[in-house]
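So the structure is just underneath, and the comments pick up after that.
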Amino acid sequence: MAVEIKSPEEIEKMRAAGRLAGQLLEYLEPFVQPGVTTNRLNTLAHEWTLDHGATPAPLNYKGFPKSICTSVNEVVCHGIPADRELVDGDIINIDVTPIVDGFHGDTSEMYAVGEISEEAQELIRVTHESLWLGILEVAPKKRLGDIGAAIYEHAHKRHHYGVVEAFCGHGIGREFHMSPQVPHVGRRGAGLRIRPGMTFTIEPMINEGTPHCDIQSDGWTAITRDRRLSAQAEHTILVTETGFEILTARKRMPTAHTLEL
Ligand code: MF3
Ligand code: CO
Ligand code: CO
């Protein structure tokens with residue numbers, strides 16, 4: 001399938017959607033505390049999104065029942081908000097996708113609930129580093145395989161974590177998920193050529209142990225086959241003439257600079 005090249009007008013709309021997505025994560029962050037339920041985070045996100053004139057894309061997407069994904073501990077992705085209270089030591093990924101003026105902004109971040117183990121901290125740090133090393137590959141004439149190779153080399157070859165292959169990054173725009181697929185493993189110089197005006201997500205899921213996942217009986221929740229921890233971070237990226245622009249950037253976030261890459 002052909003990959004869409006956004007017009008300048010469409011790029012402006014993608015910027016607005018990405019900006020709101022980043023702001024939604026900033027709004028939610030202080031609520032991530034021991035005792036809060038993932039349902040409460042969902043309600044806060046849902047209402048904030050509507051209050052800002054946007055629509056939460058996950059709600060009713062292929063039957064998904066909630067407005068955000070909340071993936072705790074061994075949940076790899078697509079965790080469904082529920083009455084479970086977060087407890088000290090949990091790690092949680094919150095994945096948000098507001099639709100603004102017809103365009104999607106998709107981003108997710110990890111949060112520590114209270115004090116978390118050194119192992120969990122290390123997993124989250126390497127996940128951020130992996131996302132960033134992937135982003136730094138984005139430039140015209142490079143290929144999608146360069147992104148996956150950078151992520152895999154860091155997360156697996158260097159740190160011996162499992163890189164999930166069952167879920168990929170994706171093109172994004174008027175649709176939530178469009179071509180191309182953006183794998184988090186790959187071979188340098190292989191795959192689709194990256195061109196200015198493309199918009200896609202990079203969203204590596206990095207597991208402490210096995211990269212394999214099981215899907216729970218709700219049809220959505222993906223968990224690690226060995227039930228060890230999983231972490232994920234996601235940005236929506238625009239390919240520019242010289243490199244990349246992170247459409248879902250926010251004021252406080254890990255960057256290549258703060259990660260010392
Ligand atoms: N936001 C997820 C992604 O990054 C997709 C969630 S689909 C849903 O692609 F239906 F679970 F919301
Ligand atoms: Co995504
Ligand atoms: Co997402």
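Owing to the predicted nature of the structure, the values given are computational and were not obtained by experimental measurement. Remember, it's 1-based here, ligands and their atoms both numbered in the order they're listed.
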N, O or S of H170 under 2.8 Å from the Co ion (ligand 2):
yes
Of the backbone and side-chain N, O or S atoms of E203, does one lie nearer to the Co ion (ligand 2) than 2.8 Å?
yes
Tell me whether I215 shares a hydrophobic cluster with L229, the cluster being built from Ile, Leu, Val, Met, Phe, Trp, Tyr side chains joined at under 4.5 Å.
no
Would you please classify the geometry between the W132 ring and the F244 ring as parallel, tilted or perpendicular, with 30° and 60° separating the classes?
perpendicular
For atom 4 (O) of ligand 1, the closest protein heavy atom turns out to be E203 OE1, 2.7 Å
Protein contact to atom 7 (S) of ligand 1 [nearest heavy atom, distance to 0.1 Å]
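Protein heavy atom with the smallest distance to atom 7 (S) of ligand 1: Y61 CD2, 3.9 Å.
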Where ligand 1 meets [X] - atom numbers and elements under 4.0 angstrom, heavy-atom basis:
X    : result
T97  : 1 (N)
H78  : 5 (C), 6 (C), 11 (F)
P58  : 12 (F)
C69  : 6 (C), 11 (F), 12 (F)
W220 : 8 (C), 10 (F), 11 (F)

List the steps and the verdict of salt bridge (charged side-chain N to carboxylate O under 4.0 Å, His left out) for E9 and K13.
CA-CA 7 Å; E9 294 73 25; K13 293 186 177 186; over 6 Å; no
Using the rule given for side chain to side chain contact (heavy atoms under 4.5 Å, CB included), can you reason through H104 versus H177, listing the C-alpha separation, both sets of side-chain angles and the distance that settles it, and then say yes or no?
CA-CA 9 Å; H104 293 71; H177 297 104; over 6 Å; no
Tell me which part of A57 gets within contact of ligand 1: side chain, backbone, both or neither, using heavy atoms under 4.0 Å.
neither
Check each heavy atom of F167 against ligand 1 and say whether those closer than 4.0 Å belong to the side chain, the backbone, both or neither.
neither
Taking side-chain contact (heavy atoms from CB on, under 4.5 Å) as the criterion, tell me which of V100, L24, L20 meets it with H52.
L20
Is there a side-chain contact between [X] and [Y], using heavy atoms and a 4.5 Å cut-off?
X    : Y    : value
V113 : D88  : no
V138 : F200 : yes
K66  : H46  : no

Side-chain (T37) to main-chain (R84) donor-acceptor, under 3.5 angstrom
no
Other residues, nucleotides, ligands: >12 heavy atoms within 6.0 Å of E10 CD
yes
Under a heavy-atom criterion of less than 4.0 Å, does F176 contact ligand 1?
yes
Has H177 got any heavy atom lying under 4.0 angstrom from an atom of ligand 1?
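Under 4.0 Å: yes for H177.
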Of D106, I172, I80, T221, the residue with the heavy atom nearest atom 3 (C) of ligand 1 is D106
H78 and F64: aromatic ring centres closer than 6.0 Å?
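No.
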Just give me the atom name: the N, O or S atom of E234 closest to the Co ion (ligand 3).
OE1
Restricting to N, O or S atoms, which atom of D106 is closest to the Co ion (ligand 3)?
OD1
Look only at interatomic distance and state if E234 has a nitrogen or oxygen under 3.5 Å from any nitrogen or oxygen of ligand 1.
yes
When only distance counts, is D95 in polar contact with ligand 1, meaning an N/O pair under 3.5 Å?
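N/O-N/O distance under 3.5 Å: yes.
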